[in-house]
Amino acid sequence: MLEWAHLGINASIPRNKGPECANYLTMKRRIVETFFISLYIIALLRWSWKRIKLPKKVPYTYTPRKGKTFLLALMCLVFGIEIGFKLMGKTFVYILNPCHIITILEIYLLAAEPDSPTITAVFRLVVSGFNGPVLAYAFPETDCRPMFADKAVYYIQHGLMAMIPYYLARLGGAYTVEPLRDMSWSVFGYAVSLGYHFWILQVAGMLVQVNLSHMLCPAILDPFDGQNYRLWATTHQFLLIPILYKLFCISAQYLFTKFPLMRVNSEFSIIDGSAIPKSVDNNEVIKDSRKEHKHEE
């Protein structure tokens, strides 16, 4: 029934598709491993959820942004081409890969008005997924993309994924992060990523015997190749995701306060709450800005 979504996947590429990859781990091993990692995920979610804080108010004024509109149009175009290639090649199941989910969230951030804490929450989840484009460039997997245009879209999409959070952070307002010492959001993003891999990608991959995000068997070049490769991945991502999250915060702060070509001003900060005037009622700001916009129209 789902042949249109996976029939075009090249099974001749090692550990890409097929029963050999699906049977790399025994079903007993998968169930036991998933059970204990699920307990670990739930514990992380509970720990981080209790500590997560979002601004009750976000500064918002209606200001048309050509850069934001351009990035939205460009990302939609690139992602649309990516979907077209997957439909044409009958590899649509790959749309479940984490980088595509992050891409959809970034499109939402570019399209939605930044007038609520929900935007801040989505933005921080996107930043916690920064390991996606980094790993995509460090270990590119383009063997299953036979056409040059398809490979080009791979690099362009992941490049935009890394660029868009920096652009949004430069706008400030709802696009802020928590203080550097606060690990709640990076741990929450790590737990969500683990849950998505073990609860969604593993199940979907087993149904069609496709190695989605290497949840069925390790990559050929995986340095942790072996029966414990998923436990190793769980461990090194625990380090990588928070490190990249905090490196993004530090580098964004430097670029927007020190780097001449991107500097906003020396007082700029992407840390949550630093740019919110205490004397301003955010609801009134939103109402006034919308009134002004209607009046201009």
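Ion pairing between a basic and an acidic side chain is recognised when a charged N comes within 4.0 Å of a carboxylate O; Asp222 and Arg15 show no such pairing.
No side-chain donor-acceptor contact under 3.5 Å links Thr91 to the backbone of Ile9. Side-chain atoms of Arg145 come within 3.5 Å of backbone atoms of Asp150 as a donor-acceptor pair (strictly under, hydrogens ignored).
A 4.5 Å side-chain heavy-atom check between Met161 and Met75 finds at least one atom pair inside the cut-off. Looking at heavy atoms from C-beta onward, His236 lies out of side-chain contact with Pro223 at the 4.5 angstrom threshold. Side chains of Leu240 and Gln237 form a contact here, defined as non-hydrogen atoms less than 4.5 Å apart. Residues Tyr245 and Phe130 are not in side-chain contact: their nearest non-hydrogen atoms beyond the backbone lie 4.5 Å or more apart. Considering only heavy atoms from C-beta on, Met88 comes within 4.5 Å of Phe85 through its side chain. Residues Gln209 and Cys21 have side chains not in contact (no heavy-atom distance under 4.5 Å, counting atoms from C-beta outward).
Between the side chains of Thr142 and Tyr155, no donor-acceptor pair is found at a separation under 3.5 Å. Using a 3.5 Å distance cut-off with no hydrogens or angles, the side chains of Gln202 and Thr34 do pair a donor with an acceptor. Side-chain polar atoms of Glu82 and Tyr94 form no donor-acceptor pair below 3.5 angstrom.
Heavy atoms from other residues, nucleotides or ligands lying under 6.0 Å from CD of Gln227 number more than 12.
Between Phe268 and Phe256, the ring planes lie perpendicular to each other; the angle is over 60°, past the 30° to 60° tilted range. The aromatic rings of Tyr229 and Tyr24 sit perpendicular, their planes meeting at an angle over 60°, well past the 30° parallel limit. Relative orientation of the Trp185 and Phe188 rings is perpendicular, given thresholds of 30° and 60° on the angle between their planes. Ring geometry, His158 versus Tyr137: the interplanar angle exceeds 60°, so the pair is classed perpendicular (tilted spans 30 to 60°).
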